[in-house]
Amino acid sequence: MKWDLQSSPKPTITTLLQPFFKSPQTPIQPSSYAAVFQSFTGKTLFKQGQQLHAHSLLRGLRPTAFLAAKMVAMYASSGDIPSATRIFYSTPNPTPLLFNSIIRAFSLYKFSEETLNVFAQMHSLSFRGDYFTYPFVLKSVADLYFIHFGRCVHGLSVKDWLVFDVYIGTSLIDMYVKNGEWAMPVESKEVFDEMPQKNIVSWTSMISGYAQNGFASDALQLFDEMCTKDSEVKPNWVTIMSVLPACGISSALHRGKKIHNYARERGLDSHPSVQTALVGMYAKCGSLADAKWCFERMKPNLRNLVAWNTMITAYASHGLGMEAVQTFESMIQFGVHPDGITFTGLLSGCSHSGLVDIGLRYFDSMNSIYSVEKKHEHYACVVDLLGRAGRLVEAYDIISSMPMHAGASVWGSLLAAGRCYRNLEISELAARKLFILEPENSGNFVILSNMYAEAGMWEEVNYLRDLLKLQRVKKNPGCSWIEINGKAHLFLGGDASHEQTKEIYLLLEELPEKMKAVGYVPDTSFALHDVSEEEKEYSLSTHSEKLAIAFGLLNTSPGTVLRVTKNLRICGDCHTAIKFISKIYEREIVVRDVNRFHHFKDGSCSCGDYW
DNA sequence: ATAGGGTTAG
């Protein structure tokens, strides 16, 4: 059966089926089967495809590899991978086409190990992969985090001269992105740089890869290159959506606004995903007002689950628990069904605002009303919710009642609570678990050590310090940064490398007097070492957040809001000091620490000292 | 037939 593709339109199924209505004795050509299988590919015609398969078996058809490939594709399109597999393995002389179709099937339905198996088999038969093989194989590699296998595949693609293909190159970038970690910028960028032709997808993959792995400045730099260079590739809405999180990571509000403008001018800001990314960016950059504005500007029917989640999480991180709750309720009103992320946001919102009973009620309703599975992170939120409120025993009971193993985030919440309420017993218990669960996290050592120091237990402090040395844990140095005129200025604790160091320290030296005049008593319990009171006071005054704020005070006009970001949790003494600074200098100061935002104004903080 | 995506507790 033949038709002329050029002159006649696509044949109808009735035409294709004609050979099958002839007498049973008339042989049917495999090509006829192939044509029909191909047109039955797709979910709606799956039943008919199955019948045809049965028909062919009754007729004693021995499928050629070509026909098998069509059948594999047909079964794959309806998700029947077992049948596709059976056909593949029962075909005696597989061809590259058949390999490609089964690889595609396995890869799309996340039978990732099978994909790699078949790829290996393919090579053992001396078939080389082609432009349609590699993207699927690389996706499976990425799904499995088999980075070593991935590097081999990369090597093969180089050997076979396929690495210059845009699709394969982009798949390689994405594979290194998904396997992420510290090597990603090198490995992905190498592929990217050597691609002879890059299209919008390659650029966007690279940018979003940087952003996803926390390399914010690289993402922003590449985005700039894309905008300014007279290359023919320009950002589209996916690029915008991918680069915005990089602004969020680095609290680059100016950059974020610039990108927002760029998108608006080119009409790239109308897609709901871009708008959601904008909400998230503004929230992470400390401008909740802008985030709210973007969210409310979204058409209500375009607000999907992710958009609602973003807004709920935004309120939660800014300590507005009640608003998070209200947003959650309107989401339900709008008929959007919550998921696990909704509840992490909601519960952490309740936690930051001390809405303990409301939070507990939502936690209980997760399964019963919303049929959302309670996962480990939700238990972590509830432990935090109870712990922050000082209900340490109940928090511990929750941990005991968990259906899964309690991990680092759960014990971490309990440790933070124990520290907050100076409960050495609970803290030791949690810390002991954490030393095993995440021995590389210096924060746990520091917290417990501080508590020992506070209680005057210097032997234990020394013991911990030795333990730290023994395990070669590197202390995570605290740093803070502030954006002035679109440029970020970074400070380490006790930093003296900045060109304005003199002025900064001068300002900080005057501070204690000014603060004491309005009733400030330094709390030295946050200093780690066994040193004199005076020395402690000094080391506190040079915490990085204070340096950044002093720098901000010096370099902005009166009344400007200061936005500072810190890589660790803000220290209690600094928290107190910043409250005074906001009063003395009449400034609104927004500090983002690892956990949440603090809005300081008029001598008090939005967290109500509940953090 | 192939490649990129916004939201996750402390």
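Protein chains get the first letters and strands the later ones, always in sequence-line order, with residue 1 at the start of each.
Residue-level contact check: S205(A) touches the backbone only, with heavy atoms under 4.0 Å from sugar-phosphate atoms and none from bases. Looking at heavy-atom distances under 4.0 Å, R388(A) makes contact with sugar-phosphate atoms alone, never a base. Among the heavy atoms of the strands, none lies under 4.0 Å from D165(A). As judged by a 4.0 angstrom heavy-atom cut-off over every strand, K284(A) is placed among residues touching the sugar-phosphate backbone only. Residue contacts for Q38(A): at a heavy-atom cut-off of 4.0 Å it reaches no nucleic acid atom on any strand shown. Within the nucleic acid shown, N595(A) comes within 4.0 Å of at least one base atom, counting heavy atoms only.
The six-membered or imidazole ring of W293(A) lies away from that of Y282(A), with a centre-to-centre distance of 6.0 Å or more. Not less than 6.0 angstrom separates the ring centroid of H123(A) from the ring centroid of F127(A). Aromatic pair F363(A)/Y379(A): centroids less than 6.0 angstrom apart.
Applying the ring pair (Phe, Tyr, Trp, His ring centres under 6.0 Å) rule to Y396(A) yields no partners; only residues at least two apart in sequence or on another chain are considered. Scored by the ring pair (Phe, Tyr, Trp, His ring centres under 6.0 Å) test, H318(A) finds F597(A), H599(A) as partners (sequence neighbours excluded). Residues satisfying the salt bridge (Lys or Arg N to Asp or Glu O under 4.0 Å) criterion with D165(A), sequence neighbours excluded, are absent altogether. With sequence neighbours excluded, the residues satisfying ring pair (Phe, Tyr, Trp, His ring centres under 6.0 Å) with F192(A) are W203(A). Residues meeting the ring pair (Phe, Tyr, Trp, His ring centres under 6.0 Å) test with Y167(A), sequence neighbours left out: none. R592(A) pairs by the salt bridge (Lys or Arg N to Asp or Glu O under 4.0 Å) definition with nothing, not counting sequence neighbours.
Judged by distance alone with a 3.5 Å cut-off, a donor-acceptor contact links the side chain of N199(A) to the base of dA3(B). With hydrogens and angles ignored, a donor-acceptor pair under 3.5 angstrom links the side chain of T276(A) to the base of dG6(B). Interface remark: the N236(A) side chain does form a donor-acceptor pair with the dG4(B) base, using a distance-only criterion of under 3.5 Å. One N or O donor and one acceptor, one from the side chain of T204(A) and one from the base of dG4(B), sit under 3.5 Å apart.
Annotation: proximity of residues 131-143 of chain A to DNA chain B (heavy atom, distance under 4.0 Å) is found for Y131(A), F132(A), P135(A), F136(A), K139(A), numbered in ascending order. Of the residues in residues 304-318 of chain A, those lying under 4.0 Å from DNA chain B by heavy-atom distance are N304(A), V306(A), N309(A), T310(A), T313(A). Contacts between residues 373-382 of chain A and DNA chain B, defined by a heavy-atom separation under 4.0 Å, are made by E377(A), C381(A).
Annotation: salt bridge (Lys or Arg N to Asp or Glu O under 4.0 Å) contacts involving residues 189-198 of chain A, sequence neighbours excluded, comprise K189(A)-D193(A). Residue pairs meeting the salt bridge (Lys or Arg N to Asp or Glu O under 4.0 Å) criterion with at least one partner in residues 102-112 of chain A, sequence neighbours excluded, are K110(A)-D143(A).
Taking atom CD1 of I207(A) as the reference point, atom P of dG6(B) lies 13 Å away to the nearest angstrom. One can place CG of D339(A) at 13 Å from C1' of dA9(B), the figure rounded to the nearest angstrom.
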Donor-acceptor pairs under 3.5 Å, side chain of residues 321-329 of chain A to any protein atom, not counting sequence neighbours: which ones?
from: T327(A); atom 1: OG1; to: E323(A); atom 2: O; distance (Å): 2.6
from: E329(A); atom 1: OE2; to: Y362(A); atom 2: OH; distance (Å): 2.5

